[in-house]
Amino acid sequence: MTVATVICFPHPVVHGQAAPSTSPTIPPYAVCSGNINVASLLPGGAHEDPDVAAANAFITLRESTLLQQVAQSSALDQYHMITLLGETEIYDVNLSPAKNIACATCHVPYTGFRGSSSVFNATTASQPGGTAVTNATPPAPNYRFSARNPQTYAYAPYSGILHYNATQASFYGGNFWDMRATGIRLTNPAAEQAEGPPLNPVEMGDIDSACVVWKASQSEYASLITAIWGAQSFAIHWPGNIAAICAKPGPAPATDPFPVHLSPIDRGTSDSTFDHMAMAMASYESSSGVSAFSSKFDAYLAGNAQLSGQELAGYELFNGKARCNQCHLSGTAANSPAMVETAADVAPLFSDFTANNIGLPKNLALPYYCESKPDQYGYTANPMGFAFIDLGVGGFLNNTGAAPNPNTLQWKQLAPLFNGTFQTATLRNVDLRPRPNFVKEYMHNGYLKSLKEVVHFYNTSQALPRCAQGSKGEKVTCWPEPEYPATLNTTQLGNLGLTSDEEDDIVAFLKTLTDGFTTVSTDSAASIIQKKH
């Protein structure tokens, strides 16, 4: 008898219709993606991207459904109240200044909680934020963009509090590509990560965390926040001009870093409520609705599915010749046979949550490189222009990143060793997409566009000749120079000697990591419990 079906991620719907099975034509490569009119592809634009329309419809429908559940939430237990709150916050576009972008806008479930538009993934790589730029001249973008693409938040809550392991000479834990959501303050990296995008000027762009709290106090789920955290959550004397303040995107001016002027007590209450909202998001992200452990590979480890010959071959290469398992931990010792009996961990995360410099080149298609002039609000996203080098973890450690280093006494001196390194991403759901021809972007700057490209890069990036970005043969017979060669990992990748067929085998294995495969029956559940006990 079947007792539980693990979540599957459906195609998005638009007005009850399935999302289009084809994407618009992908424009060719251009520096800063300057050949793309971003505003025209967004809601209300002259050429609205069908994927954007589908995502917006999906978010609207999901938020409506969640608010109906909020209205009936008094009968829920604490766990389901908190995870419901977290999900409802994630789908709320009203938390952004223009009420046009939610956390879910860049983290839809049917792409593995990542970008929703095949066109943007294939071109700009990073996703447009919520702020239009009305004074932009091409190739500068007419929306604000980040230098990085959004990481999945699935399985992110399993990353520990950031710490330095002196024996291994490596950092472990944290969230974000640069590990800056350390978890040190809230003892929860995923919660600290959730506080980042609402306040990032190139993402949702709120000018003050108090704006997020004020908007939540006006929402249909405000009563759920007070039910969980207490009536004091919104016992705040809001200034009369708060609506006008919070309608303007950040960042706040240096002379007035907290534009919502509150008393010290009210500021403390607002900060506490903001923390509680983020903790609820992290609880949702750790739930089985997001971090499901329901892939074909999970079923294989449970003894409920068989991998194909090609998938098994890819699994063995993953653990052996290709060295993937040395960072993307599969729960099996390196060079061990692909057998369930040898798995030391039957819920592997496919990341060791350390940081590496794999030698990725700059992605000159990022609009960020052309955001070098002030927008109509006086904000310049990238004053360095093309001279910008993304230092990743090193930038965070040396206090030039998007968040301050909380342990400068011990960690700042280590920054040069970690310049150009980025957190090892989980491989779970790397192939989750709404249709076969949907393009996904990979790595922190989205330079790689397919799993075949990813594996080929790891296999050959230090063996093939160098070439300029946009050259004939790029990504096949040559690669551009690494963005930051000084800390390049030369021992685990770059010249693996894999054949093209072996690359394909690894891709086949990676596709077994997509959630939504398994159905659990009472018999199999009992069998799993007996194996574990």
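If you read the sequence from its start, that first residue is 1, and numbering goes on from there.
- No close placement of the F418 and F396 rings is indicated, their centers lying 6.0 Å or farther apart.
- Residues satisfying the disulfide bond (SG atoms under 2.5 Å apart) criterion with C467, sequence neighbours excluded, are C478.
- Considering only residues two or more places apart in sequence or on other chains, Y158 meets the ring pair (Phe, Tyr, Trp, His ring centres under 6.0 Å) condition with F293.
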Exercise for the section: Walk me through it: do Y221 and D92 pass the test side chain to side chain donor-acceptor pair (under 3.5 Å)? Expected result: CA-CA 10 Å; Y221 55 84; D92 187 2; 2.7 Å; yes

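- Considering only heavy atoms from C-beta on, L488 comes within 4.5 Å of Q462 through its side chain.
- The aromatic ring centres of F318 and F509 sit less than 6.0 Å apart.
- Taking 4.5 Å as the limit, every side-chain heavy atom of Y377 sits out of range of all side-chain heavy atoms of T134.
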Exercise for the section: Start with the C-alpha gap between F386 and Y369, add the side-chain angles, then the distance that decides, and say whether ring pair (Phe, Tyr, Trp, His ring centres under 6.0 Å) holds. Expected result: CA-CA 5 Å; F386 287 97; Y369 287 109; 5.7 Å; yes

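- In this model, no donor atom of one side chain and acceptor atom of the other lie less than 3.5 Å apart for N399 and N405.
- Of the candidates S471, P480, P361, P482, P482 is the only one forming a side-chain contact (heavy atoms from CB on, under 4.5 Å) with R466.
- Heavy atoms of other residues, nucleotides or ligands lying less than 6.0 angstrom from NZ of K511 number 12 at most.
- When side chains are defined from C-beta on, S291 does not count as touching Y284, because their heavy atoms never get closer than 4.5 Å.
- The distance between the ring centers of F350 and F297 falls below 6.0 angstrom.
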Practice task
Evaluate salt bridge (charged side-chain N to carboxylate O under 4.0 Å, His left out) for E371 paired with R144, printing each intermediate quantity in order.
Solution key: CA-CA 8 Å; E371 294 181 84; R144 291 180 183 176; over 6 Å; no

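- Taking the six-membered ring where the residue is Trp, the centroids of Y164 and W411 are separated by 6.0 Å or more.
- Annotation: F422 is in aromatic contact with H444 [ring centroid separation under 6.0 Å].
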Problem - salt bridge (charged side-chain N to carboxylate O under 4.0 Å, His left out) assessment of R148 paired with E203 - result: CA-CA 11 Å; R148 300 172 188 158; E203 296 186 58; over 6 Å; no

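- For C103, there are no disulfide bond (SG atoms under 2.5 Å apart) partners two or more places apart in sequence or in a different chain.
- A distance below 6.0 Å separates the ring centres of F113 and Y153.
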Exercise for the section: Before giving the answer on salt bridge (charged side-chain N to carboxylate O under 4.0 Å, His left out), spell out for D431 and K440 the whole-Å C-alpha distance, their side-chain angles and the decisive distance to 0.1 Å. Expected result: CA-CA 8 Å; D431 192 55; K440 296 188 73 170; over 6 Å; no

